Amino acid sequence: MAKAPKAVVLGRILRREREERGIGLREFAGRVDRDPAALSRWETGERIPKPEDVARILTVLGIGGQRYTEVMTLVHGAGESHWLALSSTEHRQQVAAFGEYERSAKVIHTVSPLLIPGILQVTDYISAIMSEGGLPPEQAAANVARRVARRAVLGGPEPARLVALIGQAALHQEVGGRATMVAQLRHLVDVARLPNVELRVVPFGRGWHPALEGPFCLMESDSLPPGVFLELRRTAVWLHSAEDVAVYRAAVDGVTRAALSEQGSLRLIADLLRRAEADLPVPA
């Protein structure tokens, strides 16, 4: 049985709560009167516990109140072929699950027609999105830190391979102002030269292609099933059925055919950067 995103984040929450209390797997299995192997499969998302099992685990761990309610919401529909977040709580849980998947991903395909993909955004660009989007300062700061941390998957001894398909419109949106966009374009030029990054721009005038339907991220991993993440302003949907993944793999291929080559994309970004730098005000 393939691991569903909701089951994965539920399992990781249960494991983290247990480990934070310093309780070993076998000891805890005895406390909840369950087989250690079954408990391990729940914690890895390979199997989905029944609501009464999760309730017992949380009770034994001493978890109650709002936290209890939040975790219990993950149990229902945990094995379904899609995960639609209809509340702010579930949206936060989805973002947490997305982070878990991204950190274990081998290949990340991100299609972003109007904005720079989150994993490639510089800090001031992220801050502008969060603050101008009307988020409270504390929440905005947390979101900025979380998004900045995502860059780590592109470094290290075994970095993920990133294929970023960016609409030309995203390169012209002055999110955060001219100076911020200059810094953003510089960052794209630098990142595009990494051996594990394929950055392609979809130029204006290419007619219809799948990116015009909206942004999405397709991730593939050795340890987790492939999944597609689509995020809107206050909700998001996660798809992981084989049929849905196949549709979005085909969409990636369609956008790639519409995109410039890596070399042509880099030339376009570098040219935009030179013009933007020339337009920056001269310091007094």
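The shown structure was predicted, so the numbers you read here are calculated from the model rather than taken from an experiment. Position 1 is the first residue of the sequence; numbering continues from there.
Taking every heavy atom of both residues into account, H76 and P51 meet most closely at CE1-CG, 4.3 Å. Smallest separation of non-hydrogen atoms from I269 and L185: CG2-O, 3.9 Å. Residues L230 and V228 come closest through the heavy atom pair CD1-CG1, 3.8 Å. Nearest heavy atoms, A55 versus T59: O-OG1, 2.8 Å. Of all heavy-atom pairs spanning P203 and A259, the tightest one is CD-CA, 4.3 Å. Taking each heavy atom of V144 and M130 in turn, the nearest pair found is CG2-CG, 3.8 Å.
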Taking it one step at a time, do V153 and R150 satisfy side-chain contact (heavy atoms from CB on, under 4.5 Å)?
CA-CA 6 Å; V153 303; R150 291 176 57 193; 5.8 Å; no
What verdict does the side-chain contact (heavy atoms from CB on, under 4.5 Å) test give for E277 and R186, after you've listed the backbone C-alpha separation in whole Å, the side-chain angles of each residue and the deciding distance to 0.1 Å?
CA-CA 10 Å; E277 287 175 327; R186 285 175 184 157; 3.0 Å; yes
Under the criterion side-chain contact (heavy atoms from CB on, under 4.5 Å), I'd like the reasoning laid out for L120 against L154: C-alpha separation, chi angles, the key distance, then a yes or no.
CA-CA 10 Å; L120 296 179; L154 300 180; 4.1 Å; yes
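A salt bridge between R56 and D53 is absent, with no side-chain N of the basic residue lying under 4.0 Å from a carboxylate O of the acidic one. In this structure, R67 pairs ionically with E70, as a charged nitrogen and a carboxylate oxygen lie closer than 4.0 Å. Remark: R275 does not engage D279 in a salt bridge, criterion side-chain N to carboxylate O under 4.0 Å.
I166 is not connected to L114 by any chain of hydrophobic side-chain contacts under 4.5 Å among Ile, Leu, Val, Met, Phe, Trp and Tyr, and they are in different clusters. Residues V175 and L232 do not share a hydrophobic cluster, defined by chaining ILVMFWY side chains whose heavy atoms lie under 4.5 Å apart. Residues Y101 and V107 do not share a hydrophobic cluster, defined by chaining ILVMFWY side chains whose heavy atoms lie under 4.5 Å apart. Hydrophobic clustering of Ile, Leu, Val, Met, Phe, Trp and Tyr side chains at less than 4.5 Å, counting indirect connections, unites L273 with L280. V247 and L212 are not part of a single hydrophobic cluster, where members link through side-chain heavy atoms under 4.5 Å apart.
Residue E158 places its CD atom among 12 or fewer non-hydrogen atoms of other residues, nucleotides or ligands, all under 6.0 Å distant.
In this structure, the side chains of L260 and R206 come closer than 4.5 Å at one or more pairs of heavy atoms. Counting heavy atoms from C-beta on, the side chains of I108 and C217 come closer than 4.5 Å. In this structure the side chain of T110 reaches within 4.5 angstrom of the side chain of L162, judged on heavy atoms. Annotation: side chain of V71 is not in contact with side chain of I57 (no heavy-atom distance under 4.5 Å). Proximity of E102 to I119: side-chain heavy atoms (C-beta onward) are separated by under 4.5 Å at one or more points. At least one side-chain heavy atom of P49 sits less than 4.5 Å from a side-chain heavy atom of L10. Counting heavy atoms from C-beta on, the side chains of Y125 and M181 come closer than 4.5 Å. Using a 4.5 Å cut-off on side-chain heavy atoms (C-beta onward), L171 and L188 make contact.
Applying the ring pair (Phe, Tyr, Trp, His ring centres under 6.0 Å) criterion to F216, with sequence neighbours excluded, gives Y248. Every residue meeting the ring pair (Phe, Tyr, Trp, His ring centres under 6.0 Å) condition with F229, not counting sequence neighbours, appears here in chain and number order: F98, W238.
The structure places CG of L268 at 13.0 Å from CZ of R200, a figure rounded to the nearest 0.5 Å. For the atom pair D271 CG and L266 CG, the distance stands at 11.0 Å (nearest 0.5 Å). Taken to the nearest 0.5 Å, the CG atom of L39 stands 14.0 Å off from the CZ atom of R47. The distance from atom CH2 of W208 to atom CD of E213, rounded to the nearest 0.5 Å, is 4.5 Å. Note: E19 CD to L25 CG = 9.0 Å, rounded to the nearest 0.5 Å. Rounded to the nearest 0.5 angstrom, L14 CG and R12 CZ are separated by 12.5 Å.
Of the possible donor and acceptor atoms, one in the side chain of Q184 sits under 3.5 Å from a partner among the backbone N and O of V122. Between the side chain of Q168 and the backbone N or O of F204 there is at least one donor-acceptor pair closer than 3.5 Å. Between the side chain of R18 and the backbone N or O of I23, at least one donor-acceptor pair lies under 3.5 Å. With hydrogens and angles ignored, the 3.5 Å screen pairs no side-chain donor or acceptor of E198 with any backbone N or O of E262. Formation of a donor-acceptor pair under 3.5 Å by the S221 side chain with backbone atoms of S104 is found in this model. Between the side chain of R21 and the main chain of L61, a donor-acceptor pair closer than 3.5 Å is present.
Considering R147, R151, H187 as possible partners of T123, the one that fulfils the side chain to side chain donor-acceptor pair (under 3.5 Å) test is R151.
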